[in-house]
Number of protein chains: 2
Amino acid sequence: MQTHLLKTLLKISQVQSFALAAEHLNMTLSAVSMQMKNLEEQLDASLFDRKFRPPKLTPLGLAVAEKAQAVVDAEQKLMDLCHRIDHLTGRYRVGFVSTASARLLPSFLTNALRRAPDAKFDFETGLSEQLEEKVFNGQLDAAVITVSGQTDDRLKVDVLLEERLVFAAPKSLGPLGLKAMMLVAPFLHFMPSTGIGKLIAQEMARSGDGMMHSKLVLDNVEAIMECVKEGVGFTLLPEPDVMRLADNKVAIMYPEDSGLMRQLALVTLPDGPTASSTEALKSLLFD
Amino acid sequence: MQTHLLKTLLKISQVQSFALAAEHLNMTLSAVSMQMKNLEEQLDASLFDRKFRPPKLTPLGLAVAEKAQAVVDAEQKLMDLCHRIDHLTGRYRVGFVSTASARLLPSFLTNALRRAPDAKFDFETGLSEQLEEKVFNGQLDAAVITVSGQTDDRLKVDVLLEERLVFAAPKSLGPLGLKAMMLVAPFLHFMPSTGIGKLIAQEMARSGDGMMHSKLVLDNVEAIMECVKEGVGFTLLPEPDVMRLADNKVAIMYPEDSGLMRQLALVTLPDGPTASSTEALKSLLFD
DNA sequence: CAATTTTATTCGATTGATATGAATATAACG
DNA sequence: CGTTATATTCATATCAATCGAATAAAATTG
């Protein structure tokens, strides 16, 4: 038996829908459907009551899903054994730029607990520049920040990933197009003083031509996206955040210069006491 | 991840050899090798130290194998959920013909514990005819016997499987061939009075032409095979028992009439109090 | 209750994974 | 040191999984 069948079963039981599960697992609805059909055949049991749409888990299906959790947990423990970083011990102070913490911190934490059980972590969130300063002063061992312009070259900078910046607007304003929208709706601007804020400001200056209806500055990605959903205005933010927070009331548009990227990087002191652990910390940020 | 990779890992760790594991799992050595390579890649870990031949499990490999056991156990519990026979409750008295009990009883027991946790069983072993009699008298609810000639037609007979009868001889006598061997070595005959004994007697009368060196009657398959290993003489027994008990000192030969079969069947009283459970009992005899 | 939307299943085609057998390489054994 | 036992590699064939499009079925809406 293959555990990915069990994982999709679990996902379905979480989201109560084949289609949603398919999205979460990055595959087609058809694949999910086939997988569940396959699973039911292998087990020679009917896990779903297909008189309902979406199909509803049968009592047996529910029981199987519970056992499935046990299987994937056991599998996870097996894999953890292989990916442990036993040399990572002691206490680490790690900073996360606010705009990335929601996405990177949770997986970092679960990875850390699994793979570096002997290490302890203190977390701190803030603006890129402040975090950078603290790493330099030794108040933090490492920080995940937005790279903007030039970074202090006395720090070691490991680029972790690049995120496209995309526009998010209320669906009602979507058909207008970008240019028109700027004239009639306020732009929700993430703090222009921050690392990512500077990038946003730069792009708006370029594409907006200064012809902007009005500008609202906010310091919170979630709040901005809530405003978009409410129809207050439109915004420009990293794609993963937009995707994470958007619902069906939000239209997504891509800038003309679609090479507009925000770089997230891990900064450390190249010859600090925890320099040898940089790679290990970096590895905990993924998977 | 696919659990069959873990199962082969476990089998290898049991038998300490890729080749043996391949045999047990009914696949080629090459497949086993590929699977383990695959597993090591997936886990990004080296489970075997290939400076040894057969490869030796690394400490990590050993640890992984332990966790693998947990995974397959969890998987087994999941499958058990689906194959439960919840309507099989109460106490059942089941007989096994001695010559089949060693092979069928263990799997029956594990299946019963897994799939019919609410039922209790009493077991009894004996000769086919005696067991048949007890089923007829209601002293047993069911029995697995060797079908010989005509069975009492007041009993329900479900043929479970057919087993080929094969000769087993000490390797030293192997090259002689069957006819020659009969002239120089004693034949180890399983009790001629029993169901399977009758079949054996029948075949020996046919192929032996009465020209037999000598005949030793024994009532125990294991004992007969031990004698064969010791070089005492040769025998004719069901293939699965020979395969189970043979070692490299034993040569196996097939009768000219290789259609010679022994039928194992489940007999029950067609209208007894447990008649409705016959199918369920039958299903417990197999995987 | 019919029309429409949402959601899942089925189907054909393509792609990828896995097993096999033969050839090769490597460790173990006498 | 040659032989045997054992595992790996490679090419090939077979089988399974995924995708996208078409279809079917339940849920929702007017």
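Atom set for the values below is all heavy atoms of this structure, side chains included, hydrogens, waters and symmetry mates excluded. Chain identifiers are assigned alphabetically (A, B, ...) following the order of the sequence lines, protein sequences preceding nucleic acid strands; residue numbering begins at 1 within each chain.
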Look at the side chain of [X] and the backbone N and O of [Y], then say whether any donor-acceptor pair between them is shorter than 3.5 Å.
X        : Y        : result
A:Thr58  : A:Ser46  : yes
A:Lys229 : A:Leu245 : yes
A:Thr235 : A:Ala168 : no
A:Thr8   : A:Val32  : no

task = Pull out every residue in residues 20-31 of chain B that has a heavy atom closer than 4.0 Å to any atom of DNA chain C, ordered by number, or say none.
result =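 Going residue by residue through residues 20-31 of chain B, the ones with a heavy atom under 4.0 Å of DNA chain C turn out to be B:Met27, B:Thr28, B:Ser30, B:Ala31.
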inquiry  = Can you list, in residue-number order, the parts of residues 9-18 of chain A that come under 4.0 Å of DNA chain C, counting heavy atoms only?
reply    =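 Within residues 9-18 of chain A, the residues near DNA chain C are A:Ser17, A:Phe18.
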request  = Write down the distance between CZ (A:Arg53) and C1' (C:dT7), rounded to a whole number of angstrom.
outcome  =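 In whole Å, C:dT7 C1' and A:Arg53 CZ are 6 Å from each other.
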Distance below 4.0 Å between A:Gln2 side-chain N/O and D:dA17 OP1 or OP2 =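 For A:Gln2, the contact criterion (side-chain N or O under 4.0 Å from OP1 or OP2 of D:dA17) is met.
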query = More 5' along DNA chain D: A:Lys51 or A:Met34, using each one's nearest nucleotide?
reply =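 The 5'-side residue here is A:Met34.
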key: Positions of residues 35-50 of chain A (non-hydrogen atom under 4.0 Å from DNA chain D), listed by number   =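 Heavy-atom contacts with DNA chain D come from A:Gln35, A:Asn38.
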inquiry  = Just so I know, are the side chains of A:Lys11 and A:Leu20 near enough to count as touching, which here means a heavy-atom distance under 4.5 Å?
reply    =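 The answer is no, as the side chains (C-beta and beyond) never meet within the 4.5 Å cut-off.
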inquiry  = Are A:Val242 and A:Val228 packed together at the side-chain level, in the sense that at least one heavy-atom pair is separated by less than 4.5 angstrom?
reply    =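 Sidechains of A:Val228 and A:Val242: no contact.
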Rounded to the nearest 0.5 Å, how far does [atom2] of [Y] lie from [atom1] of [X]?
X        : Y        : atom1 : atom2 : value
B:Lys77  : B:Arg114 : NZ    : CZ    : 11.0 Å
B:Glu226 : B:Leu218 : CD    : CG    : 12.0 Å
A:Glu239 : A:Ile252 : CD    : CD1   : 7.5 Å

key: Distance-only polar pair, side chains of A:Thr3 and A:Glu75, donor-acceptor under 3.5 Å   =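 Judged by distance alone, the side chains do pair up.
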